[in-house]
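As the structure is a computational prediction, the values presented were derived from the model and not from experiment. Every heavy atom of this structure was used, including side-chain atoms; hydrogens, water molecules and symmetry mates were not. Each residue takes its place number in the sequence, starting with 1.
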Amino acid sequence: MSTALLVTMGLVASRIGGVFMIMPAFGARGVPKMTRILCILLLTSIIAPMVPQATVTPTVAFLLFAIATEVLVGVIIGGVVSFMFGALALANEFVTNQIGHGAAQLFDPMLKITSGPISTVASLLGAAVFIGTNLHLILLINVTDTFHIIPPGQVANPIGGGRMWIVIVGEMLYAALQMAGPVLALVFLIHCFVAVITKLAPQMNIFFSLGMILTMVAGLWMVYVIMPHQLEMHFGLVAAAIERVPEIIAEMDRVR
């Protein structure tokens with residue numbers, strides 16, 4: 001085995017490892033580390049012989065800098081997809097707080113945070129959609145194609161791709177508000193109705209006797225109705241984020 005191939009395998013593994021560190025589902029806390037390591041090694045053994053080989057003399061300084069750069073590239077790619085993946089959980093976190101379930105906190109293994117029960121369930125359903133529709137395979141295929149756009153060890157400007165995070169975060173917030181919109185509108189109408197009733201009968205504590213119960217029941221019913229549409233929108237958003245991987249790589253290659 002040549003030195004160039006060994007160096008190339010290390011750089012390929014670094015980029016793929018960066019993606020696996022933060023990509024949805026596989027980057028979850030409950031996934032065994034050995035499983036991720038085996039996946040990285042398997043993909044490296046398949047991809048490394050098919051990509052352009054590293055031609056630079058493998059000095060220690062070059063290897064350390066190149067490995068850090070490749071890991072950063074993988075993290076940026078995986079982060080773009082993960083941010084958009086989090087739109088579903090963020091939307092249902094808004095919903096959880098609005099319908100009075102914010103006090104019941106659960107650990108979300110997908111996002112590695114503590115969130116409301118509806119948000120956690122939505123995140124798990126989103127992971128099921130991500131794997132069940134083979135979006136993880138499409139992501140890995142796109143990551144493989146990046147080695148032909150920018151060969152291992154030849155990344156010109158890794159920070160350039162980080163600018164995509166700003167764009168993606170804005171799109172994620174907008175998408176989360178769209179997903180949560182029906183429930184937020186329903187809760188607003190319920191509060192308006194309760195406010196009118198309270199004005200007509202000020203002696204009765206309408207909010208606690210009727211408003212909270214109505215908000216919870218109607219909110220859960222609306223979540224049941226819109227969840228399939230949220231998952232469909234979630235699929236489209238994540239798929240679109242994955243298709244932007246070449247655009248991210250182009251940003252990193254712009255100064256070359």
Spell out, yes or no, whether [X] and [Y] are grouped together once hydrophobic residues are joined by side-chain heavy atoms under 4.5 Å, including indirect joins.
{"X": "I149", "Y": "V245", "value": "yes"}
{"X": "F147", "Y": "M50", "value": "no"}
{"X": "I168", "Y": "L177", "value": "yes"}
{"X": "F188", "Y": "L220", "value": "no"}
{"X": "I46", "Y": "V143", "value": "no"}

query: Do I16 and I47 pass the side chain to side chain contact (heavy atoms under 4.5 Å, CB included) test, and can you show the C-alpha distance, the side-chain angles, and the key distance before you say yes or no?
result: CA-CA 10 Å; I16 296 174; I47 297 172; 3.6 Å; yes
Return the minimal non-hydrogen interatomic distance between [X] and [Y], and the atom names on each side.
{"X": "G126", "Y": "L231", "answer": "N-CD2, 4.2 Å"}
{"X": "M172", "Y": "L90", "answer": "SD-CD2, 3.5 Å"}
{"X": "T8", "Y": "P152", "answer": "CG2-CG, 4.0 Å"}
{"X": "L135", "Y": "A239", "answer": "CD2-CB, 4.0 Å"}
{"X": "A122", "Y": "L88", "answer": "O-CD2, 3.1 Å"}
{"X": "P52", "Y": "P151", "answer": "CB-CB, 4.0 Å"}

[X] side, atom [atom1]; [Y] side, atom [atom2] - distance, nearest 0.5 Å:
{"X": "L173", "Y": "Q178", "atom1": "CG", "atom2": "CD", "value": "12.0 Å"}
{"X": "C39", "Y": "M34", "atom1": "SG", "atom2": "CE", "value": "11.5 Å"}
{"X": "M227", "Y": "M179", "atom1": "CE", "atom2": "CE", "value": "10.0 Å"}
{"X": "L184", "Y": "N97", "atom1": "CG", "atom2": "CG", "value": "10.5 Å"}
{"X": "D145", "Y": "I150", "atom1": "CG", "atom2": "CD1", "value": "13.0 Å"}

- request: Assess the pair F85 and H234: is the distance between their ring centroids shorter than 6.0 Å?
  value: yes
With heavy-atom distances below 4.5 Å as the criterion, would you say the side chains of [X] and [Y] are in contact?
{"X": "V183", "Y": "F94", "answer": "no"}
{"X": "V73", "Y": "I249", "answer": "yes"}
{"X": "V71", "Y": "V75", "answer": "yes"}
{"X": "I118", "Y": "I99", "answer": "yes"}
{"X": "L11", "Y": "R15", "answer": "no"}
{"X": "V238", "Y": "P24", "answer": "no"}
{"X": "H136", "Y": "N134", "answer": "yes"}
{"X": "P246", "Y": "T146", "answer": "no"}

Given [X], which partner from the list [options] fulfils the side chain to side chain contact (heavy atoms under 4.5 Å, CB included) test?
{"X": "M164", "options": "V80, I77, V169", "value": "V80"}
{"X": "M222", "options": "V217, L186, V187", "value": "L186"}
{"X": "T44", "options": "I40, L42, L41", "value": "I40"}

query: When you measure from the centre of the six-membered ring of F26, is the NZ or CZ of R36 under 6.0 Å away and within 45° of the axis?
result: no
Has the side chain of [X] got a donor or acceptor atom that lies under 3.5 Å from a matching backbone atom of [Y]?
{"X": "W165", "Y": "I76", "result": "yes"}
{"X": "S14", "Y": "G10", "result": "yes"}
{"X": "S119", "Y": "N92", "result": "no"}
{"X": "N142", "Y": "I242", "result": "yes"}
{"X": "S82", "Y": "I22", "result": "yes"}

Greater than 12 external heavy atoms within 6.0 Å of E232's CD: no
query: Is there a side chain to side chain contact (heavy atoms under 4.5 Å, CB included) between V121 and L125 once you walk through the steps?
result: CA-CA 6 Å; V121 171; L125 290 175; 4.1 Å; yes
task: Run the numbers on F20 and L140 for side chain to side chain contact (heavy atoms under 4.5 Å, CB included), then give the verdict.
output: CA-CA 10 Å; F20 268 85; L140 293 176; 3.8 Å; yes
- request: Run the numbers on M23 and F130 for side chain to side chain contact (heavy atoms under 4.5 Å, CB included), then give the verdict.
  value: CA-CA 11 Å; M23 73 179 292; F130 181 76; 4.2 Å; yes
